[in-house]
Amino acid sequence: MSAGQYTPGPDRRPETEAGPTPSNAAQPSMDRAATYGNAPSYSPGAPGTPATGAAPSPTAGRAPERKVTRAGVIWAAVVAALVLLILLIIFILQNQELVLVKFLGFEGSVPLGMALFIAAVTGGVLVAAAGGARILQLRRNTHRSGTQQRR
């Protein structure tokens, strides 16, 4: 264990460093399979360790596995979108200076934050349209190749 790291022992007290860890050859054969890289080794009679021959339960000492659900992913996406929306509103409110915008012969004054927002949304729509066209092209090609393989 390196300096500054804290690793609790079996009874939630910090382990003391007693020197180098004994090698696997000094342990009985059934304990050899139970040792892992940096895992602490315990003496068989230490409190809180299972008795020899007793198999620990598969969930002992581990947190239950969490499954990723669609609802959880959607909830996380909504939270992220709300945070981004709040940041966008702050950006627009802080950039209220009027700027002159010229486009294809049209000319007008728009707040700077709103002009940048409109430009970003327009760019996103163009990228989504190009991506959608490519997806449709790939689906059409996949469908055609599947139809030819069936013949």
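FYI, the numbering just counts along the sequence from 1. Note: hydrogens, waters and symmetry copies are ignored here, and every other heavy atom, side chains too, is used.
Tracing side-chain contacts under 4.5 Å through hydrophobic residues (I, L, V, M, F, W, Y), one reaches Leu112 starting from Val121; they form part of the same cluster. Grouping the Ile, Leu, Val, Met, Phe, Trp and Tyr side chains by contacts below 4.5 angstrom, directly or via other members, places Ile118 with Phe91. Placement of Val127 and Ile135 in two distinct hydrophobic clusters is found when ILVMFWY residues are connected by side-chain heavy-atom separations under 4.5 Å, directly or transitively. If you chain together hydrophobic residues whose side chains sit under 4.5 Å apart, Met114 and Val125 fall into the same group. Neither Val79 nor Leu88 shares a network with the other; the hydrophobic side chains, linked directly or stepwise wherever heavy atoms of I, L, V, M, F, W or Y lie under 4.5 Å apart, form separate groups for each.
Closest approach of Ala115 and Val101 over heavy atoms only: CB-CG2, 4.3 Å. The two residues Gly113 and Ile92 come nearest to each other via the heavy atoms O-CG1, 3.9 Å.
Side-chain contact, Arg140 with Gln137: no donor N or O sits under 3.5 Å from an acceptor N or O.
A side chain to side chain contact (heavy atoms under 4.5 Å, CB included) with Pro111 holds for exactly one of Leu98, Leu116, Asn95, Leu93; it is Leu98.
In this structure, His143 NE2 and Asn141 CG are separated by 11.0 Å, a value rounded to the nearest 0.5 Å.
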